[in-house]
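Encoded as structure tokens, the structure appears first; notes follow it.
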Amino acid sequence: MSKCGCDAVGGHVLMTPCLHPTPRPSSISLPWKKLRSKTRLKSTTAVATGNCRGSFTWALNQTLGGLLLPRRESSEEKVRSKKRVFFLDVNPLCYTGSTPSLHSFGHWVSLFFQQVSLSDPVIAVIDGERCNEYRQKLLPSYKAHRRKFSKQLPSQRFSSVSAGRSRQVVRDVLRKCNVPVLKIEGCEADDVVATLVGQVLQRGYRVVIASPDKDFKQLISDEVQIVMPMPEFGRWSFYTLKHYIAQYNCDPCSDLSLRCIMGDEVDGVPGIQHVAPGFGRKTALKLLKKHGSLENLLNAAAVRTVGRQYAQDALTKYADFLRRNYEILSLRRDVDVQLEEEWLFDRDSQNDSVVLSNFFKLLGETQKLTNQNTSHSSDG
């Protein structure tokens, strides 16, 4: 009985099939048998992974007449092959903690252009005027404590670029770096981004959202990633669906539902524990893992018992409370904005260094002038 030969040639493995003295079963038919019944396939070429244990049948499945068939592209590879479009969430970058800061904006945008997106298309989005009105009508406490960047900059630090000029300075820097800047009246930047993400995906691109805002996690998928500024490390860091599942052990839909139940203190959205103290995170996670989403859970609780009595009572009594939280915390995807073709062009980055250098020079001169004014005031 002959043995199988296995040799590596040109990055492939040449498989010599085992020849058995017994005839092949009649039930096995080769696709070329009728065409060339007298022709024997003496060798076949296949791409091997791992060790050389491929059987003759496996080799035939990978080749046709000794010719190497193209390898099927995995779904992950197909996604990676798509061109990226970045959305830059500008407002959070303009703060150090809760303090408005143009230095913070310059720092993170500079790192973004150097380390994250060199020439990919970038679309910057800024909160529109009266952007919180829609949600504050539903819940007056929504973002009630937030300080407005455009309305207030510490005068002692930004005397010449304060008040109404701050946003204009930001827009000018981005536009000079060939980044379109969107600002939709009455709309939060998050909702504008969520609406445009759907349009970009329909065009066959994948999306990366540059923002520290946790609200964008509800958009994460195989084709939507987040890249976050990490102050503790001084760099941007990518956050993908794999990271999300490893962190929360659930899909983005379930996470949004969990936030609606537990609330969001940062955004001023109270959780169910404020009206039903016995209802905690552990109970919420258990119920959501079983029912999948908040709406499924509420619909089930309306017709049958879904948990212990305190949980059942809370879900039926405060169903409207929870649905209101969902309307507030879920991103809108119906903003009146249309993607323009030119926004998808590769970004010309040749002006970046000059524009950002001039920006930091302006901030330095402003700081110097402010210090001089402060010194004269103290002397007087």
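Residue numbers start at 1 and run along the sequence shown.
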Decide whether [X] and [Y] meet the rule of one side-chain donor and one side-chain acceptor closer than 3.5 Å.
{"X": "Q247", "Y": "Y239", "value": "yes"}
{"X": "T283", "Y": "Y310", "value": "yes"}
{"X": "H107", "Y": "S104", "value": "no"}
{"X": "Q168", "Y": "R165", "value": "no"}
{"X": "S110", "Y": "Q114", "value": "yes"}

Roughly how far apart are [X] [atom1] and [Y] [atom2], rounded to 0.5 Å?
{"X": "E223", "Y": "R206", "atom1": "CD", "atom2": "CZ", "value": "9.5 Å"}
{"X": "D213", "Y": "I226", "atom1": "CG", "atom2": "CD1", "value": "8.5 Å"}
{"X": "M228", "Y": "R235", "atom1": "CE", "atom2": "CZ", "value": "12.5 Å"}
{"X": "K282", "Y": "L285", "atom1": "NZ", "atom2": "CG", "value": "10.5 Å"}
{"X": "K217", "Y": "Y248", "atom1": "NZ", "atom2": "OH", "value": "3.0 Å"}
{"X": "F112", "Y": "S117", "atom1": "CZ", "atom2": "OG", "value": "4.5 Å"}

Task: pair L219-V207: side-chain heavy atoms closer than 4.5 Å - done: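 A side-chain contact under 4.5 Å is absent here.
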Open item on the list: Any heavy-atom pair between the side chains of Y244 and P252 that's under 4.5 Å?
Closed with: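 Sidechains of Y244 and P252: in contact.
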Say whether, by atom type as modelled, one donor and one acceptor occur between the side chain of [X] and the main chain of [Y] under 3.5 angstrom.
{"X": "Q225", "Y": "I220", "answer": "no"}
{"X": "N325", "Y": "P270", "answer": "yes"}
{"X": "S257", "Y": "L294", "answer": "yes"}
{"X": "T96", "Y": "T99", "answer": "no"}
{"X": "T316", "Y": "Q312", "answer": "yes"}
{"X": "D267", "Y": "V269", "answer": "no"}
{"X": "Q367", "Y": "G364", "answer": "no"}
{"X": "H243", "Y": "T240", "answer": "yes"}
{"X": "S254", "Y": "G292", "answer": "yes"}
{"X": "S211", "Y": "D89", "answer": "no"}

Tell me whether [X] shares a hydrophobic cluster with [Y], the cluster being built from Ile, Leu, Val, Met, Phe, Trp, Tyr side chains joined at under 4.5 Å.
{"X": "V197", "Y": "F238", "result": "no"}
{"X": "L329", "Y": "F216", "result": "no"}
{"X": "V125", "Y": "W236", "result": "no"}
{"X": "F87", "Y": "Y205", "result": "yes"}
{"X": "V200", "Y": "F86", "result": "no"}

Closest contact, heavy atoms only, [X] versus [Y]:
{"X": "A314", "Y": "I272", "answer": "CB-CD1, 3.9 Å"}
{"X": "N91", "Y": "R167", "answer": "ND2-NH2, 3.4 Å"}
{"X": "A210", "Y": "L88", "answer": "CB-CD1, 3.8 Å"}
{"X": "A284", "Y": "L258", "answer": "CB-CD1, 3.7 Å"}
{"X": "L139", "Y": "G268", "answer": "CD2-O, 3.6 Å"}
{"X": "I261", "Y": "Q273", "answer": "O-OE1, 3.8 Å"}

Just wondering, more than 12 heavy atoms not from [X] lying within 6.0 Å of its [atom1]?
{"X": "D334", "atom1": "CG", "result": "yes"}
{"X": "K214", "atom1": "NZ", "result": "yes"}
{"X": "K317", "atom1": "NZ", "result": "no"}
{"X": "R281", "atom1": "CZ", "result": "no"}

Open item on the list: I'd like to know whether Q218 forms a side chain to side chain contact (heavy atoms under 4.5 Å, CB included) with D255, so could you lay out the CA-CA distance, the side-chain angles of the two residues, the decisive distance to 0.1 Å, and finally the verdict.
Closed with: CA-CA 7 Å; Q218 62 191 268; D255 179 66; over 6 Å; no
Task: Worked check of side chain to side chain contact (heavy atoms under 4.5 Å, CB included) between V224 and V208 - done: CA-CA 6 Å; V224 180; V208 182; over 6 Å; no
Open item on the list: Please identify which of these residues, T195, L196, V85, meets the side-chain contact (heavy atoms from CB on, under 4.5 Å) condition with L339.
Closed with: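 Testing each of T195, L196, V85 against L339, the sole residue satisfying side-chain contact (heavy atoms from CB on, under 4.5 Å) is L196.
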- [ ] Using a strict 4.0 Å threshold on nitrogen-to-oxygen distance, state whether E341 and R203 make a salt bridge.
- [x] yes
Task: Salt bridge K83-D346, side-chain N to carboxylate O under 4.0 Å - done: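 The answer is yes: the pair qualifies as a salt bridge.
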For residues 349-360, which side-chain donor-acceptor pairs fall under 3.5 Å, sequence neighbours excluded?
from: Q350; atom 1: NE2; to: D348; atom 2: OD2; distance (Å): 3.2
from: D352; atom 1: OD1; to: R347; atom 2: NH1; distance (Å): 2.9
from: D352; atom 1: OD2; to: R347; atom 2: NH1; distance (Å): 3.1
from: D352; atom 1: OD2; to: R347; atom 2: NH2; distance (Å): 2.9
from: N358; atom 1: ND2; to: V354; atom 2: O; distance (Å): 3.3

Can you list, pair by pair, the side-chain donor-acceptor contacts under 3.5 Å of residues 179-193, counting residues two or more places apart and other chains?
from: K183; atom 1: NZ; to: E129; atom 2: OE2; distance (Å): 3.2
from: E185; atom 1: OE2; to: R130; atom 2: NH1; distance (Å): 3.1
from: E185; atom 1: OE2; to: R130; atom 2: NH2; distance (Å): 2.8
from: E188; atom 1: OE1; to: Y142; atom 2: OH; distance (Å): 3.3
from: E188; atom 1: OE1; to: K143; atom 2: NZ; distance (Å): 2.8
from: E188; atom 1: OE2; to: R135; atom 2: NH1; distance (Å): 3.1
from: E188; atom 1: OE2; to: Y142; atom 2: OH; distance (Å): 2.9
from: D191; atom 1: OD1; to: R135; atom 2: NH2; distance (Å): 2.9
from: D191; atom 1: OD1; to: R332; atom 2: N; distance (Å): 2.9
from: D191; atom 1: OD2; to: R135; atom 2: NH1; distance (Å): 2.7
from: D191; atom 1: OD2; to: R135; atom 2: NH2; distance (Å): 3.4

- [ ] Please check if the distance between the ring centroids of F279 and Y318 is under 6.0 Å.
- [x]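 Ring centres of Y318 and F279 not closer than 6.0 Å.
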